[in-house]
Q: 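Below is one structure. I have some questions about it.
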2 protein chains.
Amino acid sequence: MSSFDATENRINRTCERAPGFPREAAMLVRLVKALAGGVHGAANVALREYGLNHTDYNVLMMLYGSDNGVITPSELRDAAAEKSANITRVCNSLCERGWIQRVPDRHDRRKVMLSLTAAGEALIGRFLPTMGQLLERYTQDFSGDDMASLERLLKRLLANVDSVEQSP
Amino acid sequence: MSSFDATENRINRTCERAPGFPREAAMLVRLVKALAGGVHGAANVALREYGLNHTDYNVLMMLYGSDNGVITPSELRDAAAEKSANITRVCNSLCERGWIQRVPDRHDRRKVMLSLTAAGEALIGRFLPTMGQLLERYTQDFSGDDMASLERLLKRLLANVDSVEQSP
DNA sequence: AATAAGTAGTTCATTTATGTACTAAATATT
DNA sequence: AATATTTAGTACATAAATGAACTACTTATT
């Protein structure tokens, strides 16, 4: 008896009432939503002691994984899968708290270079072990093949969703 | 070249900088977030003409798929994967617009029975074909096996995420 | 060189979502 | 029966996210 049964039952009944409604796609979309919410919530709980939320964490980690530790707000928007207005807001907050810094780009004055401060690097050093362990629990019982095929299928699904966003 | 490459590259670099960081789990979590955002955004665009957003749609559809067309706020919270405070807010809005109604439960006076009005049923009848087509595009090129194994893997992942929420 | 078109980033108003605290009612315990 | 505990739902304050409009700058076109 999973937390998802309540949803699955209702999708099944929907398909009875509305023949032709795509059961599988609906299931996948709801599973993705439930997962995103669950992961988001669990990360928020784990990160609270560091004064961070899951979005802050994502942004910091994308900076951490960038070449030379530098990224622009637009790149960050793509890498963190956030809207640009949200990137501005989150970066304001991270700047105010001294974890990242904004430096104008000399060559293209429209651009801004975001980078971690020493304090930001230190912060990441502190929460990274905890967050790594949390992530590992999610795939505890997965084989390498399980993870690889899940990744592959999700990428295909994402490509289809992206293509809808291109031509709605 | 996918929209996800910006993320994947940075996860890879993170694993170089922090050996032991679980690449696969991080990839899966980010894919799920990107998917949830993409699906949410595309649904919002498609539903705008009906005066609805994706959350409204989810709530209405869970009602549509419920036995006797009745559901309580708590059941709805689980079925729609929303927080209860959000369920209250969304239902207030749907009530005000005349698509659902609240009726107190005679047997347990703590409970509230939510149900669709005739106007709500009619609304669903109007957007359902469009939304079904949108969903179908997501799994266009998926075989039955693809969908089944993706569903199975996502359910396992969700079970693990849920178990973390039980014992953080 | 002047103008048009496109890009990067932010601001602002509004919507959406969350945590916490609270009320009321049901159930369990004594 | 009285009291404690649990459950259902909501209210409220706050946080997070979004769409749309706007500024500043760069690149393309004439």
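So you know, we letter chains A, B, ... as the sequences are listed, proteins then strands, and number each from 1. These numbers come from the heavy atoms of this one structure, side chains and all, not from hydrogens, waters or symmetry mates.
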Q: Under the side chain to side chain contact (heavy atoms under 4.5 Å, CB included) rule, what do A:Arg110 and A:Asp105 come out as? Steps first, then yes or no, please.
A: CA-CA 7 Å; A:Arg110 291 170 304 180; A:Asp105 183 327; over 6 Å; no

Q: Can you check whether B:Leu116 reaches B:Gln101 side chain to side chain, under 4.5 Å on heavy atoms?
A: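 B:Leu116 vs B:Gln101: side chains apart.
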
Q: Run the numbers on A:Lys33 and A:Val29 for side chain to side chain contact (heavy atoms under 4.5 Å, CB included), then give the verdict.
A: CA-CA 6 Å; A:Lys33 174 169 174 43; A:Val29 162; 5.7 Å; no

Q: Test the A:Arg17-B:Tyr64 pair against the cation-pi criterion, namely NZ or CZ under 6.0 angstrom from the six-membered ring centroid and within 45° of the ring axis.
A: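 Judged by the rule, A:Arg17 and B:Tyr64 form a cation-pi pair.
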
Q: Considering just the side-chain nitrogens and oxygens of B:Thr55, establish if one lies under 4.0 Å of OP1 or OP2 belonging to C:dA17.
A: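 Yes.
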
Q: Between B:Ala85 and A:Val90, which residue's closest nucleotide on DNA chain D lies nearer the 5′ terminus?
A: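 On the 5' side of the pair lies B:Ala85.
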
Q: State whether A:Asn53 places a side-chain N or O below 4.0 Å from either non-bridging phosphate oxygen (OP1 or OP2) of D:dA16.
A: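 Checking A:Asn53 against D:dA16: at least one side-chain N or O falls below 4.0 Å of OP1 or OP2.
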
Q: On the nucleotide C:dG19, are OP1 or OP2 found under 4.0 Å from the side-chain N or O atoms that B:Lys83 carries?
A: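 Looking at the OP1 and OP2 atoms of C:dG19, one of them is under 4.0 Å from a side-chain N or O of B:Lys83.
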
Q: Taking only side-chain nitrogens and oxygens of B:Arg102, does any of them come within less than 4.0 Å of OP1 or OP2 of D:dT10?
A: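 Looking at the OP1 and OP2 atoms of D:dT10, one of them is under 4.0 Å from a side-chain N or O of B:Arg102.
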
Q: Do any side-chain nitrogens or oxygens of B:Arg109 fall under 4.0 Å of OP1 or OP2 in C:dA24?
A: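 No, because none of the side-chain N or O atoms of B:Arg109 sits under 4.0 Å from OP1 or OP2 of C:dA24.
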
Q: Would one find a side-chain N or O of A:Ser74 under 4.0 angstrom from OP1 or OP2 of C:dG9?
A: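 Yes, A:Ser74 has a side-chain N/O under 4.0 Å of OP1/OP2 on C:dG9.
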
Q: Looking only at side-chain atoms of B:Asn92, point me to the closest of C:dT16, D:dA11, D:dG9.
A: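 Nearest nucleotide to the side chain: D:dA11.
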
Q: Starting from the 5' end of DNA chain D, give me the residue, B:Lys111 or A:Ala81, whose nearest nucleotide shows up first.
A: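 Upstream on the strand: B:Lys111.
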
Q: Among C:dG9, C:dG19, C:dC12, which nucleotide has an atom closest to any side-chain atom of A:Arg48?
A: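 The closest nucleotide is C:dG19.
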
Q: Just the rounded figure in Å: distance from C1' of C:dT20 to CG of A:Asn44.
A: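 Nearest whole value for this atom pair: 15 Å.
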
